[in-house]
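Here is the structure we will look at, set down as structure tokens.
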Amino acid sequence: MDNLNFVKNIDNLGRIVIPMDIRKKFNINTGDILSISCNDNHIILNKHNSLDCNSIKTIINLFIDIFNLKIILMDFNNVLYSNIVNNCKLSTDTSSMIRMGNSMKYLQNSLVFDSKKVDGTYNMLPIVSNVGIVGSLIVFGDESSKAYDFCSIIVKLIELGLNIS
């Protein structure tokens, strides 16, 4: 399935169907957002990730710097930003938990990202935009550190930014 080639018609509204094989290869699902760009010779479609932007990283960095928090920002498949692990794929279980919108408060457990194991007490909340769940945020810390409160605040700031743009 390395090279997929299809010929498709454009309908009278300018729409084209992306074949199932291509959607599977690039994990494009109903409701996903695609960015469209072009150059002189090509039209380029990319799966858009609204969580992978500098303003969200700035918000997270402020909380990391000011409150010395350990944070992981994830979409459905990858760690997008963290001061603990970076550029990691998520396990199927973690990906499923994010898609279902699971939230966890003060859970003592180990999380595995690729080959890196992270131990500790963590709080996990879904990030919801106007198109639905787009990812999740984990903040490590127990009840005394107010980590769940920080997780809630960061998620609300991210959601506000996503729904404004």
Side-chain angles (χ1 to χ4, degrees), residues 1-64 71-105 111-116 122-139 148 150-165:
M1 196 158 92
D2 290 338
N3 291 323
L4 298 173
N5 295 301
F6 296 90
V7 176
K8 292 289 185 174
N9 290 328
I10 296 175
D11 71 10
N12 60 348
L13 294 175
R15 297 176 296 197
I16 186 169
V17 173
I18 300 172
M20 178 66 77
D21 289 343
I22 292 175
R23 293 194 317 260
K24 282 182 181 177
K25 181 176 181 176
F26 291 98
N27 196 29
I28 298 171
N29 300 299
T30 302
D32 286 350
I33 299 170
L34 299 178
S35 64
I36 303 169
S37 58
C38 64
N39 59 28
D40 291 336
N41 300 316
H42 299 93
I43 298 170
I44 303 159
L45 297 174
N46 287 300
K47 191 171 175 181
H48 179 71
N49 190 333
S50 54
L51 288 177
D52 197 11
C53 69
N54 287 331
S55 60
I56 290 174
K57 292 175 184 175
T58 300
I59 290 168
I60 292 172
N61 272 332
L62 286 170
F63 280 86
I64 289 170
I71 298 175
I72 302 172
L73 173 68
M74 305 164 291
D75 65 8
F76 298 122
N77 302 305
N78 303 295
V79 171
L80 299 175
Y81 192 70
S82 174
N83 59 337
I84 305 169
V85 294
N86 270 317
N87 301 321
C88 296
K89 292 272 186 208
L90 300 181
S91 69
T92 306
D93 291 342
T94 304
S95 181
S96 295
M97 288 183 344
I98 293 170
R99 287 186 191 283
M100 291 187 304
N102 288 8
S103 62
M104 294 167 200
K105 189 173 184 179
L111 295 170
V112 179
F113 300 95
D114 283 341
S115 61
K116 180 156 180 154
Y122 65 92
N123 304 273
M124 179 173 158
L125 288 172
I127 300 170
V128 181
S129 76
N130 51 12
V131 296
I133 297 170
V134 294
S136 191
L137 185 80
I138 292 177
V139 176
Y148 185 82
F150 284 124
C151 191
S152 299
I153 292 166
I154 298 167
V155 165
K156 291 299 179 202
L157 289 170
I158 292 170
E159 289 174 346
L160 180 63
L162 291 174
N163 292 326
I164 289 174
S165 57

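Sequential numbering from 1 along the given sequence is applied to the chain's residues. Since the structure is predicted, the reported quantities are computational estimates derived from the model, not experimental observations.
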State the [atom1]-[atom2] distance between [X] and [Y], to the nearest 0.5 angstrom.
{"X": "I56", "Y": "L137", "atom1": "CD1", "atom2": "CG", "answer": "10.0 Å"}
{"X": "M104", "Y": "S136", "atom1": "CE", "atom2": "OG", "answer": "8.0 Å"}
{"X": "I18", "Y": "L45", "atom1": "CD1", "atom2": "CG", "answer": "5.5 Å"}
{"X": "N5", "Y": "I22", "atom1": "CG", "atom2": "CD1", "answer": "8.0 Å"}
{"X": "L157", "Y": "I60", "atom1": "CG", "atom2": "CD1", "answer": "10.5 Å"}
{"X": "D21", "Y": "R23", "atom1": "CG", "atom2": "CZ", "answer": "9.0 Å"}

When you compare the side chain of [Y] with that of [X], does any pair of heavy atoms fall below 4.5 Å?
{"X": "M124", "Y": "M97", "result": "yes"}
{"X": "N87", "Y": "V79", "result": "no"}
{"X": "I72", "Y": "F113", "result": "yes"}

Please identify each residue that fulfils side-chain contact (heavy atoms from CB on, under 4.5 Å) with [X], with sequence neighbours left out.
{"X": "N39", "answer": "N41, H42, I44"}
{"X": "D114", "answer": "C88, K89"}
{"X": "M100", "answer": "N102"}
{"X": "S152", "answer": "L125, Y148"}

Can you check side chain to side chain contact (heavy atoms under 4.5 Å, CB included) on L80 and M74, steps first, answer last? CA-CA 5 Å; L80 299 175; M74 305 164 291; 5.9 Å; no
Tell me whether E159 contacts the main-chain N or O of V128 through its side chain, where contact means a donor paired with an acceptor under 3.5 Å. yes
Taking V139's backbone N and O only, do any of them form a donor-acceptor pair with N123's side chain (distance below 3.5 Å, no angle check)? yes
For F63, all residues meeting ring-ring contact (aromatic ring centres under 6.0 Å, His included), sequence neighbours excluded: F67
By ring-ring contact (aromatic ring centres under 6.0 Å, His included), F76 pairs with (sequence neighbours left out) none
Could you work out, with salt bridge (Lys or Arg N to Asp or Glu O under 4.0 Å) as the rule, every residue matching K116, not counting sequence neighbours? none
My understanding is that only residues two or more places apart in sequence, or in another chain, count here; which of them pass side chain to side chain donor-acceptor pair (under 3.5 Å) with [X]?
{"X": "T94", "result": "S91"}
{"X": "D11", "result": "R15"}
{"X": "N61", "result": "Y81"}

Of all heavy-atom pairs between [X] and [Y], which one has the smallest distance, and what is that distance?
{"X": "L34", "Y": "I28", "answer": "CD2-CD1, 4.1 Å"}
{"X": "K8", "Y": "V17", "answer": "CG-O, 3.8 Å"}
{"X": "L162", "Y": "L51", "answer": "CD1-CD2, 3.9 Å"}
{"X": "G101", "Y": "P126", "answer": "O-CG, 3.5 Å"}
{"X": "N83", "Y": "I71", "answer": "OD1-N, 2.9 Å"}
{"X": "D75", "Y": "L90", "answer": "O-CD1, 3.4 Å"}

Apply the test side chain to side chain contact (heavy atoms under 4.5 Å, CB included) to residues I133 and I127: give CA-CA distance (whole Å), side-chain angles for both, the deciding distance (0.1 Å), then the verdict. CA-CA 6 Å; I133 297 170; I127 300 170; over 6 Å; no
Salt bridge (Lys or Arg N to Asp or Glu O under 4.0 Å) contacts touching residues 53-63 (sequence neighbours left out): D52-K57
Applying side chain to side chain contact (heavy atoms under 4.5 Å, CB included), run through I158 and K156 and close with a yes or a no. CA-CA 5 Å; I158 292 170; K156 291 299 179 202; over 6 Å; no
